[in-house]
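In what follows, a single structure is set out as structure tokens and then discussed.
Reckoned from all heavy atoms, side chains included, excluding hydrogens, waters and symmetry mates.
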Amino acid sequence: MQRPEPFAAIATEEEFVAAACAAAAPWVPPLETELLALAAAHLAVATRWLPRPRRWPRLLASLRATLAAAIGTEMSALMWLRKQEQRLIDAYVLLEGSTTLGPAERRRLREEMVPAAFERFQRVDHWIMLREEQGAYA
């Protein structure tokens, strides 16, 4: 019996956050290019573990509709996106405790994947901080 690919669930989460970044981009015009680049970074990680994204078009359409209905400001869009990034970090932490990982996979997770996920989270957090400093709460 072949064990399941331990990073398949992470790829699915990365794909979701990629769609979230792309969906949030139009809501934050000053950061649209950066958010699309962040989406591409997430999608690159997703395709590393699942060669063809499975849900990207449906996710993007669904998230755009959700954002249009629930979020009306740049700050709200960024805060929503930060929550999605945090969910992804939580998934990485959960995977780290998994018994399905071998030593090499666990080392790769700790040395490469988790730091990269934190870096992407910090980008969004930094954008929020800058907007708060500028008084862009509306």
Heavy-atom count check: over 12 atoms from other residues, nucleotides or ligands less than 6.0 Å from F121 CZ?
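For F121, atom CZ is crowded (more than 12 foreign heavy atoms under 6.0 Å).
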
Sequence neighbours left out, what passes side chain to side chain donor-acceptor pair (under 3.5 Å) with R87? Give chain and number order.
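For R87 the side chain to side chain donor-acceptor pair (under 3.5 Å) partners, ignoring immediate neighbours, are E13, Q84.
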
R120: partners by side chain to side chain donor-acceptor pair (under 3.5 Å), with sequence neighbours left out:
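So R120 forms a side chain to side chain donor-acceptor pair (under 3.5 Å) with E14, H42.
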
Would you name the heavy atoms of P26 and A23 that are closest together and state the gap between them?
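In terms of heavy atoms, the two residues are closest at CD-O, 3.3 Å.
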
Of all the heavy-atom pairs spanning L81 and V124, show the shortest one and how long it is.
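The pair with the smallest heavy-atom distance is CD2-CG2, 4.0 Å.
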
What donor-acceptor contacts under 3.5 angstrom involve side-chain atoms of residues 28-39, with partners at least two apart or in another chain?
none

Rounded at 0.5 Å granularity, tell me how far [atom1] in [X] sits from [atom2] in [Y].
| X | Y | atom1 | atom2 | result |
| --- | --- | --- | --- | --- |
| L109 | S98 | CG | OG | 9.5 Å |
| D125 | M79 | CG | CE | 10.0 Å |
| W27 | E74 | CH2 | CD | 10.5 Å |
| T12 | L88 | OG1 | CG | 11.0 Å |
| E105 | R110 | CD | CZ | 12.5 Å |
| R82 | M75 | CZ | CE | 8.5 Å |

Listed partners of R108 passing salt bridge (Lys or Arg N to Asp or Glu O under 4.0 Å), at least two apart
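Listed in chain order: E112.
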
Taking side-chain contact (heavy atoms from CB on, under 4.5 Å) as the definition, give me every residue that meets it alongside E111, ordered by chain and number, with sequence neighbours left out.
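Partners of E111 by the side-chain contact (heavy atoms from CB on, under 4.5 Å) criterion, ordered by chain and then number, come out as R107.
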
V93: partners by side-chain contact (heavy atoms from CB on, under 4.5 Å), with sequence neighbours left out
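Listed in chain order: I89.
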
Under a 4.5 Å cut-off applied to non-hydrogen side-chain atoms, are L101 and F7 in contact?
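When only atoms from C-beta onward are counted, F7 and L101 do touch, with a gap below 4.5 Å.
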
Within a strict 4.5 Å, meaning less than it, do heavy atoms of the K83 and Q86 side chains meet?
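The answer is no; the side chains never approach within 4.5 Å.
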
Inspect the contact between R106 and E96 and indicate whether a charged nitrogen and a carboxylate oxygen are less than 4.0 angstrom apart.
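No, this pair does not count.
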
